[in-house]
**Student:** 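Submitted below is the structure of interest, expressed as structure tokens.
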Amino acid sequence: QVQVVESGGGLLQAGGSLRLSCSVSGLPFNLIAIAWFRQAPGKEREYVSAINQSGYGRNYAGSVKGRFTISKDNAKETATLQMNNLKPEDTAVYYCAATRTGSYIGGRLGDYDYWGQGTQVTVSS
């Protein structure tokens with residue numbers, strides 16, 4: 001059984017930093033690609049970032065490029081999303097997703113087969 005679990009959400013002020021973590025069990029972690037999506041109230045779920053199986057291929061949405069960094073530690077079987085200079089518009093539930101297509105770092109929701117329950121990030125102005 002595959003489980004995807006996010007952690008690290010919280011409440012903070014604009015300009016602050018937060019690190020989200022994602023663990024995946026039931027899949028060969030070194031062979032999967034990981035992505036982060038987010039969903040704000042009343043809005044559709046949107047792509048944030050993705051990283052390929054090796055950790056060397058990365059992709060970011062324009063709205064977070066330069067502020068967020070995605071990483072993947074295959075030895076620890078953990079992926080992280082380091083979020084710096086957070087803005088109120090970053091407020092959302094953040095979801096970790098995984099795909100067996102290890103080279104994929106795109107943003108199509110349907111291409112990710114496994115999802116976590118999400119972790120809330122709230123940024124106040």
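Keep in mind it's a predicted model, so treat the numbers as computed, not measured.
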**Student:** For Y47 versus I105, what's the shortest heavy-atom pair and its separation?
**Tutor:** OH-O, 2.9 Å
**Student:** Does a side-chain heavy-atom distance below 4.5 Å link V4 with C22?
**Tutor:** yes
**Student:** Take atom CD in Q117; do more than 12 heavy atoms of anything else shown fall under 6.0 Å from it?
**Tutor:**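 Counting neighbours around CD of Q117, 12 or fewer heavy atoms of other residues, nucleotides or ligands fall under 6.0 Å, so no.
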**Student:** Heavy atoms only: give me the nearest N84-S17 pair and the separation to one decimal.
**Tutor:**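 Minimum heavy-atom contact is OD1-OG, 2.9 Å.
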**Student:** A33 and G102: which non-hydrogen atoms are nearest, and at how many Å?
**Tutor:**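 A33 and G102 have their closest heavy atoms at CB-O, 3.6 Å.
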**Student:** Looking at N59, is its backbone amide N or carbonyl O close enough to the side chain of S49 to form a donor-acceptor pair, meaning the two atoms are under 3.5 Å apart?
**Tutor:** yes
**Student:** Look only at the side chain of N52 and the backbone of G55, and say whether a donor-acceptor pair between them is shorter than 3.5 Å.
**Tutor:**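 Answer holds: yes.
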**Student:** Which distance, rounded to the nearest 0.5 Å, do you find between the OG of S23 and the CD1 of I34?
**Tutor:**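 That separation rounds to 9.5 Å.
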**Student:** Check the hydrophobic clustering (I, L, V, M, F, W, Y; side-chain heavy atoms under 4.5 Å; chains of links allowed) and say if L109 and Y95 are grouped together.
**Tutor:** yes
**Student:** Could you tell me if the side chain of T91 sits less than 4.5 Å from the side chain of Q120, heavy atoms only?
**Tutor:**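 SC-SC contact between Q120 and T91 confirmed.
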**Student:** I need the minimum non-hydrogen distance between R100 and D113, along with the two atoms involved.
**Tutor:** N-OD2, 4.3 Å
**Student:** For V64 versus V48, what's the shortest heavy-atom pair and its separation?
**Tutor:**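 For V64 versus V48, the nearest heavy atoms are CG2-O, 3.6 Å.
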**Student:** Between CZ of R108 and OG1 of T99, what distance do you get to the nearest 0.5 Å?
**Tutor:**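 These two atoms lie 10.5 Å from each other.
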**Student:** State, to 0.1 Å, how close Q53 and S103 come at their nearest heavy-atom pair, and which atoms those are.
**Tutor:**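 Smallest interatomic distance, heavy atoms only, reads OE1-N, 3.3 Å.
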**Student:** Is Y114 reachable from V93 through a run of I, L, V, M, F, W or Y residues, each pair having side-chain heavy atoms under 4.5 Å apart?
**Tutor:**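 Cluster IDs for V93 and Y114 differ.
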**Student:** In this structure, would V123 and F68 fall into the same cluster of hydrophobic residues linked by side-chain contacts under 4.5 Å?
**Tutor:** yes
**Student:** Do D111 and T101 have side chains that approach each other closer than 4.5 Å (heavy atoms only, starting at C-beta)?
**Tutor:** no
**Student:** Quick one: pull up OG1 in T119 and OH in Y94 and give me the separation to the nearest 0.5 Å.
**Tutor:**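 Between T119 OG1 and Y94 OH, I get 10.5 Å after rounding to 0.5 Å.
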**Student:** Between D90 and M83, is a side chain to side chain contact (heavy atoms under 4.5 Å, CB included) present by the stated rule, with each step listed?
**Tutor:** CA-CA 10 Å; D90 294 317; M83 305 186 294; over 6 Å; no
**Student:** May I ask whether Y112 and L27 are part of the same hydrophobic cluster, defined by side-chain heavy atoms of I, L, V, M, F, W, Y residues being less than 4.5 angstrom apart, directly or through others?
**Tutor:** no
**Student:** Is the closest side-chain donor-acceptor distance between Q82 and T80 under 3.5 Å?
**Tutor:**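 No, no side-chain donor-acceptor pair sits under 3.5 Å.
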**Student:** Go through the side-chain N and O atoms of N85 and K87 and say whether any donor and acceptor fall under 3.5 Å apart.
**Tutor:**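 Note: N85 and K87 side chains miss the donor-acceptor criterion.
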**Student:** Specify whether F37 and W115 have parallel, tilted or perpendicular ring planes, treating 30° as the upper limit for parallel and 60° as the lower limit for perpendicular.
**Tutor:** tilted
**Student:** Can a donor-acceptor pair be found, under 3.5 Å and without considering hydrogens, that links the side chain of E6 to the backbone of C96?
**Tutor:**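 Confirmed, E6 side chain pairs with C96 backbone.
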**Student:** Quick check against the 3.5 Å criterion: does Y60 have a side-chain atom that pairs as donor or acceptor with the backbone of I70?
**Tutor:** yes
**Student:** Under a single-linkage definition using a 4.5 Å side-chain heavy-atom cutoff for Ile, Leu, Val, Met, Phe, Trp and Tyr, are Y104 and I32 assigned to the same hydrophobic cluster?
**Tutor:** no
**Student:** With rounding to the nearest 0.5 angstrom, report the CZ to CD distance, R38 to E44.
**Tutor:**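 That separation rounds to 14.0 Å.
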